[in-house]
Structures are given as C-alpha cells and as structure tokens.
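Naming convention: chains lettered A, B, ... in sequence-line order (proteins, then strands); numbering from 1 in each chain. Everything numeric in this text was worked out from a predicted model, so none of it was measured. Heavy atoms only: backbone and side chains are in, while hydrogens, waters and symmetry mates are out.
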Amino acid sequence: MTELIKLIHNTVNQLFDFNFQDSQIQFQQTRKEFEGDITLVVFPLVKVAKKSPEETGKVIGEGVVKSIEEIESFNVIKGFLNLKFTDTFWKKKFSIQIQNPNWGIENPNSSNRTILVEYSSPNTNKPLHLGHLRNNFLGYSVAEILKANGHDVKKVQVINDRGIHICKSMVAWQLFGNGETPENTGLKGDKLIGNYYVKFDKEYKNEIANLIEEGLTEDEAKKQAPLMQNAQQMLVKWEQGDGETVDLWKKMNSWVYSGFDVTYKTMGVDFDKLYYESETFLLGKNIVQKGLDENFFFKKEDGSIWIDLKNDGLDEKLLLRSDGTAVYMTQDIGTAVLRKQDFPAMDQLIYTVGNEQDYHFKVLFKILEKLGYDFAQNCFHLSYGMVDLPSGKMKSREGTVVDADDLMEDMFSTAQATSEELGKLEDASEEEKQTLYKNVGLAALKYFILKVDPKKRMLFNPEESVDFNGNTGPFIQYTYARIQALKRRKGNYDLKGFEGFYLELEERELIKKIEQFPDIVKEAGAGYSPAIIANYIYDLVKIYNQFYQSIQIFGTEKEDLRIALSHKCGEVIKSGMKLLGIDVPERM
RNA sequence: GGACCUGUAGCUUAACUGGAUAGAGCACCGCACUACGGAUGCGGAGGUUCGGGGUUCGAAUCCCUGCAGGUUCACCA
C-alpha cells in the first residue's frame with residue numbers, strides 16, 4: 001500500500017508542478033457507502049491547484065487512473081477523491097497474506113529494543129479482586145502487543161510483601177487464628193490471609209469505639225488501640241530481623257503466593273521475573289543516600305530526606321522518613337535501578353498501575369532522570385481508570401469487593417449454561433467441555449474489559465452478567481469455530497488459477513480488512529492499547545459474517561478461494577485474540 | 001483550593017489523531033435459511049457529541065470558559 005501511496009504522491013506533484021509535503025497528501029479509508037478502496041482528501045491541495053475541490057479531485061483522479069495501472073477508476077464527492085484498485089491488485093495482496101501464517105506479527109526481538117512491562121504488583125494481605133483483573137489483563141496484553149511489534153519484552157512485577165498491611169494480618173492471625181492453615185481449613189491461602197486482614201479491621205474498630213467510650217479522642221484512640229500498637233511493633237521487629245517474626249511472615253506470605261499462583265493460572269497470565277519489595281527497599285535507601293551526597297536531594301532538620309521538584313512544576317517529595325525507614329518511593333527507585341542492572345539492554349520500563357498514582361509516577365520518572373538514568377525518559381506509566389461498582393468504590397476492608405476467583409467462576413458457569421442450552425457439544429468429553437467453558441467464560445470477561453480504552457474508568461455491575469452476543473469475546477470465538485468447521489469439511493485447498501476470478505464485494509472487503517492488520521498491530525503498540533486490537537477483530541469478524549451469510553462457499557467454482565479466505569481470516573482472528581490473551585476454540 | 005483525568009443514543013462504546021450524513025453492540029420493533037454451525041445476517045427507531053464562546057474551507061477532536069463526576073496534592077501504600 002505504501003508504494004502505491006508514493007506513486008500517487010508523485011503523480012500529484014507532477015500534475016501541479018509542486019512539491020507537496022507528506023502531511024498535505026492525506027489518505028483515509030473510503031466510507032463504505034461510496035465505491036473505492038482509498039480516499040484522498042483534496043482540501044489541502046486546492047490552494048496550489050487554484051481550482052475548486054471537485055475540479056481538483058477530478059484532475060487528480062484522471063491523472064492517477066492514466067498513469068498508475070493498479071488504479072482502475074475514481075469518483076469525487078465534495079472534496080474527497082475515492083480511488084478504486086483493480087482486482088489484480090487485491091488478488092496479489094491476498095496471495096502475499098496467505099503465504100505468511102504470521103501475518104502482521106513481527107519476528108521476535110527484531111526491533112532490538114528491550115522493554116520491561118510491570119503489571120499486577122499486588123499487596124500480600126488480601127486476595128486479588130476485579131481491579132487487579134483489569135490490571136493483569138491490560139498488562140499482559142500490552143506485553144504481547146509489544147512482542148508482536150518485534151520488541152524483546154520481559155513481564156515483571158514487584159510484590160509488596162512487607163509493610164504495615166501484612167503485619168495487620170499477622171497480628172490478627174496470631175491472636176484469633178487458632179492455628180488455622182490453608183490445609184486444615186481448605187481455604188485458598190490468599191483468602192485465609194484476607195479474612196484476617198478484615199478481622200483485624202473489625203476488632204480494631206471495636207477497640208477504638210471502646211477507648212472513645214472511656215474518654216479518649218478519636219485520634220488518641222486510633223493511636224493507642226492495642227491492636228495497632230501490636231502491628232507497629234511487629235513491623236519494627238521485622239525490620240530488625242527478629243527470627244520468630246520473620247518466620248511467621250514467610251509462612252503467611254507463602255500461603256498467599258500459593259493462592260495467587262492459582263488465580264494467575266486461571267487468568268492465564270505469567271511473568272518472566274518477580275521482584276519483592278523486601279529485597280529492593282534497601283537498595284532504594286542506598287541510592288537515596290547517594291543522591292543526598294551528590295546534592296540532588298536535601299535533608300531537613302529532623303533528618304528526613306526530600307527532593308525539591310518545584311522548578312519542574314511539582315512539589316517537594318519525601319524520599320526517606322526521619323527515622324530512616326523507607327517509603328513507597330524509596331523502594332520504587334531501588335526496584336527501577338535493580339531492573340536496569342538485571343536487564344542492561346532495557347530501553348523502556350512500562351508500569352501498569354491505576355490512575356490514582358499518576359502523580360507518583362511523574363515524580364518517580366523525574367527523580368530517575370535527575371539521577372542520570374537514560375531509560376527514565378522512556379519510562380511510561382500505563383495508567384488506567386478505576387473499576388467501580390454501582391455502589392461506588394470497592395473497599396477490601398469493608399468487604400465490598402468483587403473477588404477475582406469468584407467472578408471468573410461465575411463467567412465459567414454462564415458459559416456452561418449457554419453452551420448446554422445450545423447443545424452442540426454432546427460428543428465431547430467432560431474434560432473437553434470444562435476446558436471450553438473456561439475458555440469461553442474467560443474470553444467474555446477479558447474482551448469486556450479490554451475493549452474499553454484503558455484511560456476510562458469503568459462501571460461493573462455484577463448483577464448484570466457480561467454479554468455473550470454482539471461485540472463480545474464469545475461472538476468472535478464463535479466465528480472462529482465456524483471457520484474451523486468449514487476447514488474440517490474441506491481439507492486442503494488449492495489456489496491454482498485463482499488469478500482469473502472476479503472478486504465479489506464481500507471478498508474484496510475481507511482482503512482489504514486483512515491488509516490492515518499489520519498497521520493495527522503497530523498502532524496498538526504505539527498507543528499501548530489492546531482496545532485497538534479488540535475493535536479491529538470485531539470489525540473483521542463482522543465483515544466475515546457478512547461474507548459468510550451472503551455467499552455460498554461449497555459447490556461453487558470459487559470454493560477453494562473462499563475456503564482460503566476463511567482460513568486466512570481465522571488466522572488473523574487467532575493472532576489478534578492471542579494479543580489480548582484470549583484463546584480461540586476449534587469448536588464450541 | 002492547586003494539579004491531572006473523564007463526559008458521545010436508555011446502557012456499553014467507536015470515530016484513522018482536524019475531514020464526508022458521528023459508526024457499532026445490548027435492550028426494543030420488524031424481517032431473512034431448499035448452502036456450509038442461527039452464539040448468524042438484514043432493516044427500523046433512538047444524538048444539541050455536558051453547556052457557552054473562539055480558531056478555519058471543515059471541530060466529538062485544538063484553544064478559552066462554565067458545569068458534572070473521579071483522582072491526587074501525607075513521615076499511607
């Protein structure tokens with residue numbers, strides 16, 4: 001397509017004896033109500049042409065039809081010149097497409113760029129919820145899209161395994177746990193720990209209420225409540241490396257990790273390397289100290305260390321508390337630098353984190369820049385909107401969260417109910433069926449979340465089940481499965497002699513759409529946007545269904561060509577869905 | 001209060017980064033298989049693109065302003 005655009009550009013230059021800039025030669029897709037394959041916007045040219053838009057379009061149209069053999073005809077509507085290409089042109093395009101099973105996907109590591117994508121990064125005091133699902137699906141998909149753009153991508157996360165939050169669960173378990181373990185309760189480890197986090201909060205509130213009744217103010221009560229003091233002492237003990245505390249901490253975290261592993265497996269996400277805050281915060285402290293020695297940072301009278309970013313339009317920001325303990329920013333600096341050490345080729349670091357931390361990352365990137373790290377200017381905060389419930393924001397402590405495991409289970413049940421109702425799988429084994437229900441249910445959920453622009457906050461209503469019809473994952477999967485049925489019936493196709501065929505409108509449209517896929521993958525990579533992929537696949541599927549509905553395949557002289565078209569379309573659906581982290585089934 | 005983000009049909013959303021009559025899905029109404037999977041296709045109805053100004057051949061998109069919602073400005077994470 002690019003070569004053709006160049007030819008047209010040259011022709012326009014010759015016609016008006018003028019050297020037009022690329023930005024003046026604007027192409028867009030032809031709207032489907034007009035005939036044509038590509039549209040030139042002529043408005044930017046009329047000044048030079050010294051003619052009306054219609055006249056200008058006509059002159060160019062006649063010029064390109066005469067001098068470029070791939071262009072068959074044209075029409076001008078207002079200031080828009082629609083150009084139609086020959087069947088031969090499109091058939092050539094198709095023969096290139098069909099020869100490449102990895103159409104649109106660049107070879108691994110062909111770009112010589114190494115990119116780290118961080119996502120997930122949970123705290124270890126509670127199970128994953130709906131918000132984490134958006135994070136995980138988004139991060140995983142963006143990583144896959146960047147891989148498809150030829151980059152060397154590493155998926156990483158940093159697990160917030162230390163801090164007051166896990167101490168709360170530890171204290172509550174010690175006091176109220178009665179030796180409960182995942183084994184003797186049958187609970188997933190993360191769920192068990194989450195229960196004690198909630199338990200802590202409940203008992204803590206009771207203590208506060210009692211203290212207030214005894215005459216303390218609310219602030220005093222919050223500070224003096226024995227449970228909180230207990231938790232803070234535990235944090236201090238942990239930092240001192242107290243054996244018993246560390247053992248308990250390790251034991252409880254290990255429960256959480258085994259729970260997370262199950263959830264990650266169900267979600268279908270993975271990581272190349274895990275970082276733990278407990279292993280990076282010390283490095284962060286050292287770097288802050290070094291930055292202080294080199295006068296990038298300054299120390300206040302109380303001993304706390306800050307950076308002054310007022311000249312950069314930001315504020316002063318705390319980097320180390322006066323008692324020398326680390327804050328979130330401290331460990332984030334440490335983690336970033338450690339990653340650069342682990343992956344010296346790293347050009348870019350992408351953080352998949354909610355938009356509530358927009359400011360945090362602005363500051364972090366600025367700090368890394370000031371410390372002289374080159375990769376800082378390529379750091380990117382993949383910021384996404386919160387997932388709200390009809391009742392408002394989710395709050396773990398108050399139990400108003402949609403649990404990730406539960407939600408996925410619900411999706412599987414819905415998929416099963418839908419499938420059984422349609423009854424197309426009677427001959428499949430029970431195991432195949434279960435795999436399929438998970439496949440379809442997960443597709444519905446992932447697609448539902450990923451088709452929306454990451455920046456937008458989304459409302460999720462658990463009462464209304466996620467759709468399976470229309471612009472949804474299962475609809476796309478269904479189209480794929482139907483194509484596979486055609487292929488099973490046909491066996492091999494043979495494209496010999498297809499150059500002679502006339503292309504139906506529906507066939508042309510399909511080839512045209514497939515031709516766009518490589519550009520779509522690039523665009524999605526440049527914009528870090530799975531939504532672009534999702535919308536493209538949906539368009540493709542709609543065009544295929546129109547083709548399928550209006551054109552007979554078997555028993556026609558173009559049977560092999562039509563099977564080949566279907567096959568290619570299926571391939572693109574499959575690669576596109578893979579970029580979203582969604583599998584497509586052979587039958588459903 | 002300062003900063004940032006969002007606002008498109010009843011609901012969920014698209015619009016090639018300034019281009020044609022703002023395009024889909026759900027829900028609603030009406031159609032369509034003597035072919036291959038009906039989890040389908042076609043049509044209808046539904047819009048002051050939050051309001052008001054401006055920039056130009058042309059604005060959902062850019063600028064100004066107002067409104068609504070959200071986030072953030074902590075020795076929390």
Is Glu507(A) paired with Lys558(A) through a side-chain N to carboxylate O contact shorter than 4.0 Å?
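Looking at Glu507(A) together with Lys558(A), the answer is yes, because their closest N to O distance falls below 4.0 Å.
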
What is the pairing partner of [N], taking Watson-Crick or G-U wobble pairs with both distances under 3.5 Å in any strand?
N       : value
rG30(B) : rC42(B)
rC36(B) : none
rA68(B) : rU6(B)
rG23(B) : rU13(B)
rG1(B)  : rC73(B)

Need the glycosidic conformation of rU17(B): syn if within 90° of 0, anti if not. Which one?
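The base of rU17(B) is oriented syn (glycosidic angle within 90° of 0).
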
Counting primed atoms plus P, OP1 and OP2 as sugar-phosphate and everything else as base, spell out the protein contacts along nucleotides 16-24 of chain B at 4.0 Å heavy-atom distance: B, S or - for each nucleotide, 5' to 3'.
B--BBS--S

Rounded to the nearest Å, what distance is computed from the [atom1] atom of residue [X] to the [atom2] atom of nucleotide [N]?
X         : N       : atom1 : atom2 : value
Asn469(A) : rU40(B) : CG    : P     : 5 Å
Lys222(A) : rC76(B) : NZ    : C1'   : 13 Å
Lys317(A) : rC76(B) : NZ    : C1'   : 10 Å
Leu450(A) : rA14(B) : CG    : C1'   : 16 Å
Ile543(A) : rC42(B) : CD1   : C1'   : 16 Å
Asp467(A) : rU13(B) : CG    : P     : 13 Å
Leu459(A) : rG70(B) : CG    : P     : 13 Å
Asp388(A) : rU6(B)  : CG    : C1'   : 12 Å

Would a line drawn from the ring center of Phe475(A) to the ring center of Tyr478(A) be shorter than 6.0 Å?
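That pair fails the under 6.0 Å test.
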
Is it true that Phe380(A) and Phe361(A) have ring centroids separated by less than 6.0 Å?
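Centroid separation for Phe380(A) and Phe361(A): 6.0 Å or greater.
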
Taking only the [atom1] atom of each, what is the distance from [N] to [M] in whole angstrom?
N       : M       : atom1 : value
rC63(B) : rG47(B) : P     : 29 Å
rU48(B) : rG30(B) : C1'   : 30 Å
rG66(B) : rG23(B) : P     : 33 Å
rU13(B) : rG7(B)  : C1'   : 13 Å
rA9(B)  : rC5(B)  : C1'   : 24 Å
rG46(B) : rU6(B)  : P     : 31 Å
rG58(B) : rC62(B) : C1'   : 13 Å
rC73(B) : rU56(B) : P     : 41 Å

Grab the N/O contacts between the protein and nucleotides 28-36 of chain B below 3.5 Å, and write none if there aren't any.
unit_1, atom_1, unit_2, atom_2, d
rC36(B), O2, Phe554(A), N, 3.2
rC36(B), N3, Ile553(A), N, 3.0
rC36(B), N4, Tyr548(A), O, 3.1
rC36(B), N4, Ile551(A), O, 2.5

Using a 4.0 Å heavy-atom cut-off, does [X] contact any base of the nucleic acid, only the sugar-phosphate backbone, or nothing at all?
X         : value
Asp453(A) : sugar-phosphate
Asp519(A) : nothing
Met386(A) : nothing

Relative to Tyr548(A), does Arg482(A) satisfy both conditions: NZ or CZ under 6.0 angstrom from the six-membered ring centre, and within 45 degrees of the ring's axis?
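Yes - Arg482(A) lies over the ring of Tyr548(A), closer than 6.0 Å to its centre and within 45° of its axis.
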
Report the nucleotide, chosen from rU40(B), rC4(B), rA77(B), that has the shortest atom-to-atom distance to any side-chain atom of Asp358(A).
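Looking only at heavy atoms from C-beta outward on Asp358(A), the closest nucleotide is rC4(B).
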
Would you say [X] reaches [N]'s phosphate, i.e. side-chain N/O to OP1/OP2 under 4.0 Å?
X         : N       : value
Lys456(A) : rU6(B)  : no
Asn123(A) : rA77(B) : no
Arg321(A) : rA77(B) : yes

For residues 160-168 of chain A, which side-chain N or O atoms pair as donor and acceptor with protein atoms under 3.5 Å away, sequence neighbours left out?
unit_1, atom_1, unit_2, atom_2, d
Asn160(A), ND2, Asn123(A), OD1, 3.2
Asp161(A), OD1, Glu277(A), N, 3.4
Asp161(A), OD1, Ser278(A), N, 2.9
Asp161(A), OD2, Ser278(A), OG, 2.6
Arg162(A), NE, Glu277(A), OE2, 3.0
Arg162(A), NH1, Glu239(A), OE2, 3.4
His165(A), NE2, Arg162(A), O, 3.2

Hey, which of these two, Leu422(A) or Lys300(A), hits RNA chain B nearer its 5' end, going by closest nucleotide?
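Its nearest nucleotide lies further toward 5', so the answer is Leu422(A).
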
First of Asp323(A) and Thr479(A) reached from the 5' end of RNA chain B, by closest nucleotide:
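Its nearest nucleotide lies further toward 5', so the answer is Thr479(A).
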
Side-chain (Asp312(A)) to main-chain (Leu314(A)) donor-acceptor, under 3.5 angstrom:
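No, the answer is negative, given that no donor and acceptor are paired below the 3.5 Å cut-off.
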
Donor on one side chain, acceptor on other, Ser120(A) and Asn136(A), under 3.5 Å:
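Yes, because at least one side-chain N or O of Ser120(A) sits under 3.5 Å from a partner of the opposite role on Asn136(A).
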
Taking salt bridge (charged side-chain N to carboxylate O under 4.0 Å, His left out) as the criterion, tell me which of Arg31(A), Arg508(A), Lys32(A) meets it with Asp37(A).
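By the salt bridge (charged side-chain N to carboxylate O under 4.0 Å, His left out) criterion, Asp37(A) pairs with just one of Arg31(A), Arg508(A), Lys32(A): Arg508(A).
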
Summary of salt bridge (Lys or Arg N to Asp or Glu O under 4.0 Å) pairs that have at least one residue in residues 520-534 of chain A, sequence neighbours excluded:
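Matches after skipping sequence neighbours: none remain.
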
Of all residues at least two apart in sequence or in a different chain, which pass the side chain to side chain contact (heavy atoms under 4.5 Å, CB included) check with Ser550(A)?
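Partners of Ser550(A) under the side chain to side chain contact (heavy atoms under 4.5 Å, CB included) test: Glu506(A).
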
Of Tyr204(A), Tyr196(A), Tyr197(A), which meets ring pair (Phe, Tyr, Trp, His ring centres under 6.0 Å) against Phe200(A)?
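By the ring pair (Phe, Tyr, Trp, His ring centres under 6.0 Å) criterion, Phe200(A) pairs with just one of Tyr204(A), Tyr196(A), Tyr197(A): Tyr204(A).
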
Can you pull the ring-ring contact (aromatic ring centres under 6.0 Å, His included) pairs that have at least one residue in residues 441-473 of chain A, sequence neighbours excluded?
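The answer is Phe448(A)-Phe460(A).
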
